[in-house]
Amino acid sequence: MGGPDQGQPRKDRFAMDMDKLVSLCKRRGFIFPSSEIYGGINGFWDYGPLGVELKRNIKDAWWRDTITSRDDVVGIDCSIIMHPKVWEASGHIGGFSDPMADCRECKGRFRADQLTYIRFDLAKDDSAETKPKTIYFFGSGNAVEVAEQNAKKIGKLQSSIKPGETLNRTDGDYTTLDTEAKTLFHCPTCGKAGTLTEPRNFNLMFESHAGAIADEANKVYLRPETAQGIFANFKNVVDTSRTKIPFGIAQVGKSFRNEINPRNFIFRSREFEQMELEFFCHPDQAAEWYAYWRKARFQWYIDHGIRSDKLRLRDHDPDELAFYSTATADIEYAFPFGISELEGIAHRGDYDLGQHQQFSGKDLSYFDEERWERDKPAMGMTSFKEYLKKNEGAEKPGYPYQYLPHVIEPSAGADRATLAFLCEAYQEDEVGGELRTVLKFHPRLAPIKAAVFPLVKKDGMPEKAEAIYRELKRHFNVFFDEKGAIGRRYRRQDEAGTPFGITVDGQSLTDDTVTFRDRDSCKQWRVPAAGAVQALRDLLEGKPIPGAESPATEIEESSN
RNA sequence: GCGGGUGUAACUCAAUGGUAGAGUACCUGCCUUCCAAGCAGGCUACGUGGGUUCGAUUCCCAUCACCCGCUCCA
């Protein structure tokens with residue numbers, strides 16, 4: 001987050017801002033606050049009739065481009081609740097929960113485990129009964145930093161020891177102090193003592209209990225990401241699906257995080273949907289695959305209509321990387337509320353499989369049989385055991401035939417993508433001197449593909465239009481509307497993002513043609529009624545509008 | 001979680017210590033041959049819970065939700 005676009009959005013006549021978008025989403029049935037009749041619930045949102053189609057189209061496009069159109073990726077659908085050990089192995093139980101302490105005085109908030117104390121107990125050797133004298137030094141940071149902050153005083157203390165006295169030093173953090181000692185702690189910001197609250201755990205994982213009785217023993221978590229289900233099933237998939245490295249396993253599904261502060265419409269919510277791919281490859285090829293997915297995933301957003309310079313690809317600085325990752329890139333979008341992440345592509349090495357191998361005690365390594373069979377004659381070996389024996393004592397004796405695959409993880413948020421596509425599509429322009437609000441979705445993503453209208457409600461036009469509608473409905477999600485003025489009906493569909501309007505008019509009754517109307521240009525052209533299905537299919541697949549120089553909507557080939 | 005702001009109809013807004021009005025939208029009918037036309041009629045609201053008051057949508061308190069800033073975001 002952060003960046004040049006974070007100032008107040010301009011609210012001029014044609015500007016998109018979140019208020020307008022939220023309002024449109026509500027008005028047209030894209031997105032509603034969850035449980036709204038009870039006042040809503042923070043961090044949860046519902047998708048309405050148009051919103052669910054949009055989001056489904058996004059997920060379907062991702063699924064098709066990532067899995068079914070490829071030879072090297074398979075899908076999976078894991079349970080939301082998994083064995084709690086999964087989250088120990090993944091680091092979510094340790095790293096996902098932060099104890100926080102607030103200063104009552106200056107309202108500062110601190111990671112309680114980063115508030116460090118250094119404690120000295122001064123004891124006289126010959127008087128075991130005398131209580132040792134205790135001196136504390138406090139600060140923010142690790143023990144070394146706090147020692148530096150207090151170097152002078154500590155030095156003074158150490159040099160004041162008399163013969164027959166011992167000085168014992170213990171380091172620790174705020175969470176380990178007893179209640180009395182906590183009152184001695186100074187707030188690192190305002191410097192006042194005893195102003196910090198008890199540390200409170202901010203565990204971002206939702207907890208539940210498997211079974212009717214709630215106790216510690218059956219505590220379970222709602223998954224905070226879908227990825228771990230993939231790693232946990234790595235062996236199952238390898239053993240059953242004839243997949244060979246390099247290959248990927250992909251999943252779309254709900255995840256849950258108890259965000260401290262849900263904000264920005266559906267961008268950060270507590271229940272959200274992820275589209276994640278774990279692509280497993282040989283360590284030697286990981287860098288290449290990382291580069292491939294980094295590029296392919298960025299292109300995917302462009303191919304689906306995010307053409308503006310609001311979309312960017314940002315490589316993480318080395319100091320931003322998680323300790324196990326050798327490279328990570330974020331695909332970001334400049335939302336009205338700031339530049340924020342849509343998707344991260346991470347080179348995770350063998351960290352995840354390694355963790356699960358360790359915590360489960362199961363061998364998760366991959367054996368490259370093809371390569372072994374190819375190479376073994378040259379080495380004069382008949383069995384892999386010989387090879388292992390030869391390399392006994394080596395760090396990776398089975399390498400390069402047996403190894404933990406490295407993984408490239410493109411991890412996308414379906415709700416964030418939906419919001420980005422909405423923001424990108426939202427436009428206000430002028431048609432015949434009137435202001436028009438239009439959602440210029442890529443036809444592949446548009447909730448409704450076409451709307452069918454009789455020009456007026458008489459002379460048999462409604463009947464003819466409905467017949468065409470029925471025929472189209474067998475193939476596409478189309479909409480029929482015969483009420484009111486034709487212009488109003490066009491505009492309504494513009495707000496829903498419907499790319500094409502099909503109108504039955506007076507001429508249709510004599511020559512059996514209909515007009516097609518393009519959402520973005522408002523241009524119209526005639527098509528034989530009997531060919532409407534094929535004509536719409538052609539348009540949705542990117543064939544040009546008759547008379548137009550460029551295709552109605554360009555659909556480039558994805559780079560896979 | 002802290003500070004500030006907002007909460008009235010589906011949407012955008014108004015007025016008011018004596019229970020509320022507009023525009024748009026929506027519904028019905030008439031009319032209408034291509035971009036939110038017209039006519040007639042109709043439906044829908046004071047976020048929730050307390051308090052003060054004869055009486056609260058209005059004042060006070062709490063709560064919930066949303067917005068902005070901070071914080072957080074493996």
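Order of the sequence lines sets the chain letters (A, B, ...), proteins ahead of strands, with each chain counted from 1.
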Hey, is the main chain of Asn42(A) close enough, under 3.5 Å, to the side chain of Arg270(A) for a donor-acceptor pair? yes
Whether Arg489(A) side chain and Phe453(A) backbone form a donor-acceptor pair below 3.5 Å: no
Under 4.0 Å, heavy atoms only, any strand: does [X] hit a base, just the sugar-phosphate, or nothing?
X	result
Asp459(A)	base
Asn42(A)	sugar-phosphate
Arg436(A)	nothing
Tyr38(A)	nothing
Gly48(A)	nothing
Arg489(A)	nothing
Lys457(A)	base
Gly39(A)	sugar-phosphate

Please report the distance, rounded to the nearest Å, between CD in Glu259(A) and P in C72(B). 13 Å
Provide, to the nearest angstrom, the distance between the CG atom belonging to Leu21(A) and the C1' atom belonging to C67(B).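 Checked: the CG to C1' distance equals 15 Å.
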Which whole number of Å gives the distance between the [atom1] atom of [N] and that of [M]?
N	M	atom1	value
U28(B)	C66(B)	P	35 Å
G42(B)	G4(B)	P	47 Å
G17(B)	A37(B)	P	38 Å
C60(B)	G7(B)	P	13 Å
A74(B)	A62(B)	C1'	36 Å
A22(B)	U16(B)	C1'	15 Å
G21(B)	U57(B)	P	16 Å
A40(B)	A56(B)	P	39 Å

Ring centers of Tyr221(A), Phe206(A) separated by less than 6.0 Å: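 Distance test on ring centres: not under 6.0 Å, no.
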How about Phe335(A) and Tyr333(A): are their ring centres within less than 6.0 Å of each other? yes
Minimum heavy-atom separation for Arg519(A) and Leu439(A), please, with both atom names.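 Looking at all heavy atoms of both residues, the closest pair is NH1-O, 3.3 Å.
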Closest non-hydrogen atom pair between Glu428(A) and Thr437(A), with its separation: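 Heavy atoms of Glu428(A) and Thr437(A) come nearest at CG-OG1, 4.0 Å.
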Nucleotide N/O of nucleotides 6-13 of chain B paired with protein N/O under 3.5 Å:
residue, atom, partner, partner atom, Å
A10(B), O3', Lys26(A), NZ, 3.3
C11(B), OP1, Lys26(A), NZ, 2.7
C11(B), O3', Ser23(A), OG, 3.1
C11(B), O2', Ser23(A), OG, 3.2

For the side chain of Asp505(A), counting heavy atoms from C-beta on, which of C35(B), C68(B), C34(B) is nearest?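 In terms of side-chain proximity for Asp505(A), the closest of C35(B), C68(B), C34(B) is C34(B).
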Ring-plane angle category for Tyr351(A) and Tyr324(A), please: parallel below 30°, perpendicular beyond 60°, tilted otherwise.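 Judged by the thresholds at 30° and 60°, the geometry between Tyr351(A) and Tyr324(A) is parallel.
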